[in-house]
Visitor: 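Handing you a structure now.
Residue numbering restarts at 1 for every chain, and letters A, B, ... go by the order of the sequence lines.
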2 protein chains.
Amino acid sequence: MAEPRKSAQQAGPRRAGEKPHDHDACIDTAIARARTLCDERAVQLTPLREKVLQIVWRSHKPVGAYQVLDELARTHKAARPPTVYRALDFLIAEGLIHKIESLNAYLGCGEAGVAHTSQFLICRACGTAEEIVDPKLDQALDAAAKRARFTVERKVVEIAGLCGRCAG
Amino acid sequence: MAEPRKSAQQAGPRRAGEKPHDHDACIDTAIARARTLCDERAVQLTPLREKVLQIVWRSHKPVGAYQVLDELARTHKAARPPTVYRALDFLIAEGLIHKIESLNAYLGCGEAGVAHTSQFLICRACGTAEEIVDPKLDQALDAAAKRARFTVERKVVEIAGLCGRCAG
DNA sequence: GGGCGAATGATACAATATAACTTTGGGCCT
DNA sequence: AGGCCCAAAGTTATATTGTATCATTCGCCC
Ligand SMILES: [Zn+2]
Ligand SMILES: [Zn+2]
Ligand SMILES: [Zn+2]
Ligand SMILES: [Zn+2]
């Protein structure tokens, strides 16, 4: 595995004068971290699962399961919906990707291995979703739940609108 | 329209000693408010749309579109998926119901006509979803978005876990 | 080399949602 | 009254997203 795939990716748009984004570095970091974490946990980041993780990481836009399937099928003829959903389920269980519920799509996690709740800013114009980690927001969620005597197991926070680039 | 439908509803479970919940009153209030709001806005709460609103309000559990369809079809033979989705879209646009993204299901809004962002506590055990209105939480969301120079258009907050009754 | 279990292959199908065109019916103008 | 308009609903077909189920493969252990 781990064949080179530079320049096969599709990062988000960027405004003139803005510092460029080495997305290959994003991917490399994510894959490396995934390997380390799976190793530590003694779970198998198989070639298939790693390939799916790569595909999800091709951009910072949430990607649909069937988009993953199409891409995967280019090099993996046996790919079928269960192939993809199983890999996605594994990656979610290990905290390597998140599901964006309001889009039915999946996004690489930038904070894999670090305890955090997923909070997203999703731009309707450019399609990028930024994962934010905001302890204040997280506390507010916990406080709201506590007030209602509710035991939190999962938090879904998805803010849709326009990112700074697209609103500017 | 507005035929009596008392006792056709299905409210959530309740713990012994807890004050009962007159769910018929929930429904009546919601329908009455919906009529007033649609009247003020000069939009049509048609019999079909009102019936769908009634069905969604049958319980405090989010209900799927096809559950609505099944129920609707009992008295409305022409009902088809577009029938239901159009009614649901209308009700969402008027703020009379919300979509719970993490469940692909719909829930009556208890704060129709009042500006608020939807925040939900969803119990995985009993299935009920409680809408909460927490200004602190709302402010935390706005602050997080502002910090990222993000223009908010829609906020999705869905906290899943166990409600006080089911955790107790 | 036989049994076990995790991962994947393979087939079929379920659940959720939308596109696109047609028909209905009420308000309104002449 | 007759014709026009438009929103709503009817109708048919299809797209998109997600699962159930059983078979096969393969490494590991005894
Ligand atoms: Zn990147
Ligand atoms: Zn953007
Ligand atoms: Zn509401
Ligand atoms: Zn409960």
Side-chain angles (χ1 to χ4, degrees), chain A residues 1 34-35 38-39 41-56 61-94 96-107 127 156 158, chain B residues 1 34-35 38-39 41-56 61-94 96-107 127 156 158:
Chain A
M1 273 310 103
R35 286 182 179 149
C38 289
D39 208 54
R41 296 169 184 171
V43 295
Q44 306 180 52
L45 185 64
T46 61
L48 179 58
R49 289 164 173 174
E50 184 174 317
K51 180 70 183 167
V52 169
L53 182 58
Q54 292 251 5
I55 291 170
V56 171
K61 305 180 189 190
V63 55
Y66 280 72
Q67 284 177 260
V68 173
L69 177 54
D70 288 347
E71 188 58 33
L72 181 63
R74 299 162 77 95
T75 60
H76 188 90
K77 297 297 164 52
R80 296 285 181 277
T83 315
V84 168
Y85 281 103
R86 281 175 192 144
L88 292 173
D89 287 348
F90 170 85
L91 296 170
I92 289 170
E94 297 303 326
L96 302 174
I97 65 174
H98 296 289
K99 178 173 186 180
I100 308 296
E101 296 289 352
S102 57
L103 298 175
N104 294 320
Y106 305 82
L107 182 70
V156 173
E158 298 173 10
Chain B
M1 271 311 103
R35 285 182 178 149
C38 289
D39 207 55
R41 296 170 185 170
V43 296
Q44 307 179 53
L45 185 64
T46 62
L48 180 57
R49 289 164 172 174
E50 185 174 317
K51 180 69 183 167
V52 169
L53 182 58
Q54 292 252 6
I55 291 170
V56 171
K61 305 181 190 188
V63 55
Y66 280 72
Q67 284 177 262
V68 173
L69 177 54
D70 287 347
E71 187 59 33
L72 182 62
R74 300 163 76 95
T75 59
H76 189 88
K77 297 296 163 57
R80 297 284 181 278
T83 315
V84 168
Y85 280 103
R86 288 197 283 236
L88 292 173
D89 287 348
F90 169 85
L91 296 171
I92 290 170
E94 297 303 325
L96 302 173
I97 65 173
H98 296 289
K99 178 172 185 180
I100 308 297
E101 296 289 351
S102 58
L103 297 175
N104 294 319
Y106 305 83
L107 182 70
V156 173
E158 298 173 10

Visitor: In whole angstrom, what separates Arg80(B)'s CZ from dT14(D)'s P?
Guide: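 Between P of dT14(D) and CZ of Arg80(B): 16 Å.
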Visitor: Could you check whether any side-chain heavy atom of Leu88(A) comes within less than 4.5 Å of a side-chain heavy atom of Val56(A), counting everything from C-beta outward?
Guide: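 They are in contact (side-chain heavy atoms under 4.5 Å apart), so the answer is yes.
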Visitor: Between dG10(D) and His76(B), is there an OP1 or OP2 to side-chain N/O distance shorter than 4.0 Å?
Guide: yes
Visitor: Tell me which nucleotide among dA8(D), dA7(C), dT18(C) gets nearest to the side chain of Thr46(B).
Guide: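 Looking only at heavy atoms from C-beta outward on Thr46(B), the closest nucleotide is dA8(D).
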Visitor: To the nearest Å, how far apart are Leu69(B) CG and dT18(C) P?
Guide: 15 Å
Visitor: Atom CG of Leu103(A) to atom P of dT17(D): distance rounded to whole Å?
Guide: 10 Å
Visitor: Which of these nucleotides, dA8(D), dT16(C), dT8(C), is closest to any side-chain atom of Tyr85(B)?
Guide: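 Side chain of Tyr85(B) sits closest to dT16(C).
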Visitor: Ring centres within less than 5.5 Å and planes less than 30° apart: is that true of Tyr66(A) and dT16(D) in this structure?
Guide: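 A stacking contact does not exist, since Tyr66(A) is not both close and nearly parallel to the base ring of dT16(D).
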Visitor: Could you tell me the separation between the CG atom of Leu45(A) and the P atom of dA7(C), rounded to a whole number of Å?
Guide: 11 Å
Visitor: How many whole angstroms separate atom CG of Asp89(B) from atom C1' of dA8(D)?
Guide: 14 Å
Visitor: Please check the phosphate of dA7(D) (OP1 and OP2 only) for any side-chain N or O of Arg86(B) closer than 4.0 Å.
Guide: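 Result: no.
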Visitor: Would you mind reading off the distance between Glu101(A) atom CD and dT17(D) atom C1', rounded to a whole angstrom?
Guide: 12 Å
Visitor: Compare all side-chain heavy atoms of Glu94(B) with those of Val43(B) and state whether any distance is below 4.5 angstrom.
Guide: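 Sidechains of Val43(B) and Glu94(B): in contact.
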Visitor: Can you measure Glu94(B) atom CD to dA7(D) atom C1' for me and round it to whole angstrom units?
Guide: 14 Å
Visitor: Name all pairs fulfilling the side chain to side chain donor-acceptor pair (under 3.5 Å) condition that reach into residues 64-74 of chain B, sequence neighbours left out, sorted by first residue then second.
Guide: Arg58(B)-Glu71(B)
Visitor: Under 4.0 Å from OP1 or OP2 of dA10(C): is there any side-chain N or O of Lys77(A) that close?
Guide: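 Indeed not, no polar side-chain atom of Lys77(A) lies that close.
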Visitor: Taking the side chain of Thr83(B) as its heavy atoms from C-beta onward, which of dA8(D), dT11(D), dA17(C) lies nearest to it?
Guide: dT11(D)
Visitor: Look at the side chain of Pro82(B) and decide which nucleotide, out of dG18(D), dT11(D), dA17(C), has an atom nearest to it.
Guide: dT11(D)
Visitor: Taking side chain as C-beta onward, heavy atoms only, is Leu48(B) less than 4.5 Å from Leu72(B)?
Guide: yes
Visitor: Could you tell me whether the side chain of Asn104(B) reaches within less than 4.5 Å of the side chain of Lys99(B), counting heavy atoms only?
Guide: yes
Visitor: Is there a side-chain contact between Asn104(B) and the phosphate of dA15(C), meaning an N or O under 4.0 Å from OP1 or OP2?
Guide: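 For dA15(C), OP1/OP2 do not have a side-chain N/O of Asn104(B) under 4.0 Å.
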Visitor: Base, sugar-phosphate alone, or nothing: which one does Phe90(A) contact when heavy atoms must sit under 4.0 Å apart?
Guide: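 No contact at all - Phe90(A) keeps every heavy atom at 4.0 Å or more from the nucleic acid.
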Visitor: Measuring to OP1 and OP2 of dA17(C), would you say a side-chain N or O of Lys99(B) lies under 4.0 angstrom away?
Guide: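 Lys99(B) to dA17(C) OP1/OP2: side-chain N or O found under 4.0 Å.
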Visitor: Are any of Gln44(B)'s side-chain N or O atoms less than 4.0 Å away from OP1 or OP2 of dA8(D)?
Guide: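 Yes, because at least one side-chain N or O of Gln44(B) sits under 4.0 Å from OP1 or OP2 of dA8(D).
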Visitor: Starting at atom CD of Gln67(A), determine the distance to atom P of dG18(D), rounded to an integer number of angstrom.
Guide: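 It is 12 Å, rounded to the nearest whole Å.
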